[in-house]
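Notes to accompany the following structure.
As a basis for the values below, the full set of heavy atoms in this structure was taken, side chains included, without hydrogen atoms, waters or symmetry mates.
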Amino acid sequence: YGIGQDKEMAVKYYRKAAERGYARGLCNLGYMYDYGYGVTQSKTEAAKYYDMAAAQGYSVAQCNLAYMYEHGHGVPLDKKKAVYYYQKAADQTYPRALCNLADMYMRGDKSAGIEMDKKKATQYNILAADQDYDRAMSALEVVLSSNLNISSGVCKIALERLAEIWPSLTM
């Protein structure tokens, strides 16, 4: 656009958008605090802004907040809340949330209230792969190239999706 990056200026405009309650501005300001871009890094501040954007149904913020709860960054560790926010974002088909839920189902996580369910994990990865999300496609490739005891029907669906997305795999 003919101008260089200015993270402090970006923070200024994200803050203005956040003050007006704009979800994307709230989320972006949270991101700046999360990584210390243009501001002093503060996971607590990041979580606060993600939470405000998540309350408006913004899937990116819901996923970011879920990650913070999953790992205890800026908020108390609470894997059940992480699942809650990942699910809200996944319900909007946000691919990163779909993959994060898939990971939780693939390994199971009792503290999150999730039993191991490889079929459900594969289904979440299929939804994310349908959006060309590389991480999901890689996860499906692992499922298909190993014996993870997934039903043949789910593997067939995954293989069909991969064949659509990665034509070179059908050689």
Side-chain angles (χ1 to χ4, degrees), residues 1-3 5 7 10 13-14 17 22-37 46-47 49-71 73 79 81-109 112 114-171:
Y1 297 107
I3 59 172
Q5 281 191 350
K7 293 179 178 152
Y13 287 109
Y14 290 150
Y22 181 52
R24 190 170 180 177
L26 288 160
C27 184
N28 287 344
L29 186 56
Y31 183 86
M32 300 303 269
Y33 276 106
D34 203 354
Y35 293 95
Y37 297 144
Y49 287 107
Y50 290 153
D51 186 52
M52 288 188 277
Q56 293 183 41
Y58 190 55
S59 63
V60 176
Q62 290 167 335
C63 186
N64 291 351
L65 184 59
Y67 184 87
M68 296 188 92
Y69 277 115
E70 183 181 7
H71 299 282
H73 296 171
K79 292 196 176 187
K81 278 189 180 177
V83 171
Y84 171 81
Y85 284 108
Y86 281 141
Q87 189 62 61
K88 289 188 90 50
D91 289 345
Q92 298 175 65
T93 66
Y94 185 60
R96 189 164 44 96
L98 290 162
C99 278
N100 290 353
L101 274 176
D103 291 346
M104 293 178 98
Y105 278 104
M106 188 59 80
R107 67 179 182 268
D109 191 331
I114 289 183
E115 296 294 324
M116 183 185 293
D117 186 337
K118 293 178 182 180
K119 179 179 178 180
K120 187 176 252 185
T122 302
Q123 290 168 334
Y124 279 128
N125 277 321
I126 289 169
L127 289 171
D130 276 345
Q131 298 175 64
D132 293 334
Y133 196 63
D134 288 340
R135 193 172 126 212
M137 291 185 277
S138 295
L140 288 172
E141 184 179 33
V142 168
V143 167
L144 294 170
S145 65
S146 63
N147 183 8
L148 293 179
N149 198 23
I150 306 285
S151 75
S152 61
V154 172
C155 280
K156 183 176 184 240
I157 293 168
L159 184 57
E160 288 169 357
R161 294 281 201 254
L162 282 174
E164 292 169 9
I165 295 166
W166 288 346
S168 62
L169 288 178
T170 60
M171 290 189 198

What closest approach, in Å, do [X] and [Y] show between heavy atoms, and which atom pair accounts for it?
| X | Y | result |
| --- | --- | --- |
| Lys118 | Met106 | CG-SD, 3.5 Å |
| Leu101 | Gln87 | CD1-OE1, 3.5 Å |
| Ala66 | Tyr85 | CB-CB, 3.6 Å |
| Ala136 | Ala129 | CB-N, 3.5 Å |

In Å and rounded to the nearest 0.5 Å, what is the [atom1] to [atom2] distance from [X] to [Y]?
| X | Y | atom1 | atom2 | value |
| --- | --- | --- | --- | --- |
| Asn125 | Tyr105 | CG | OH | 13.0 Å |
| Leu65 | Asp51 | CG | CG | 5.5 Å |
| Glu115 | Asp109 | CD | CG | 10.0 Å |
| Tyr37 | Lys7 | OH | NZ | 5.5 Å |
| Leu29 | Tyr49 | CG | OH | 5.0 Å |
| Leu98 | Asn100 | CG | CG | 9.0 Å |

Q) Does the side-chain contact (heavy atoms from CB on, under 4.5 Å) test come out yes or no for Ile126 and Leu140, once each step is laid out? A) CA-CA 7 Å; Ile126 289 169; Leu140 288 172; 4.0 Å; yes
Please list, chain by chain and in numerical order, all residues satisfying salt bridge (charged side-chain N to carboxylate O under 4.0 Å, His left out) with [X], sequence neighbours excluded.
| X | result |
| --- | --- |
| Arg24 | none |
| Lys81 | none |
| Asp103 | Arg135 |

Hey, can you pull the donor-acceptor pairs under 3.5 Å for the side chains in residues 52-64, sequence neighbours left out?
residue: Gln56; atom: NE2; partner: Gly21; partner atom: O; Å: 2.7
residue: Gln62; atom: OE1; partner: Ala89; partner atom: N; Å: 3.4
residue: Gln62; atom: OE1; partner: Gln92; partner atom: NE2; Å: 2.8
residue: Gln62; atom: NE2; partner: Ala54; partner atom: O; Å: 3.4
residue: Asn64; atom: OD1; partner: Arg96; partner atom: NH1; Å: 3.3
residue: Asn64; atom: OD1; partner: Arg96; partner atom: NH2; Å: 2.5

Q | Thr93 side chain reached by Leu127 side chain, heavy atoms, under 4.5 Å | A |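 Leu127 vs Thr93: side chains apart.
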Q. Quick one: does Met104's side chain get under 4.5 Å of Tyr86's, heavy atoms only?
A.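 With C-beta onward as the side chain, the pair touches.
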Q. Is there a side-chain contact (heavy atoms from CB on, under 4.5 Å) between His73 and Tyr67 once you walk through the steps?
A. CA-CA 8 Å; His73 296 171; Tyr67 184 87; 4.1 Å; yes
(Q) Regarding Asp34 and Tyr50, do their side chains bring together a donor and an acceptor under 3.5 Å, going by distance alone? (A)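 Indeed, the side chains of Asp34 and Tyr50 share at least one donor-acceptor pair under 3.5 Å.
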Q. Sequence neighbours excluded, which residues qualify as side chain to side chain donor-acceptor pair (under 3.5 Å) partners of Tyr14?
A.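 Not a single residue meets the side chain to side chain donor-acceptor pair (under 3.5 Å) criterion with Tyr14.
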Q) Which residue pairs satisfy the salt bridge (charged side-chain N to carboxylate O under 4.0 Å, His left out) criterion with at least one member in residues 85-95, sequence neighbours excluded? A)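 Every candidate salt bridge (charged side-chain N to carboxylate O under 4.0 Å, His left out) pair involving residues 85-95 fails, so no pair, neighbours aside, qualifies.
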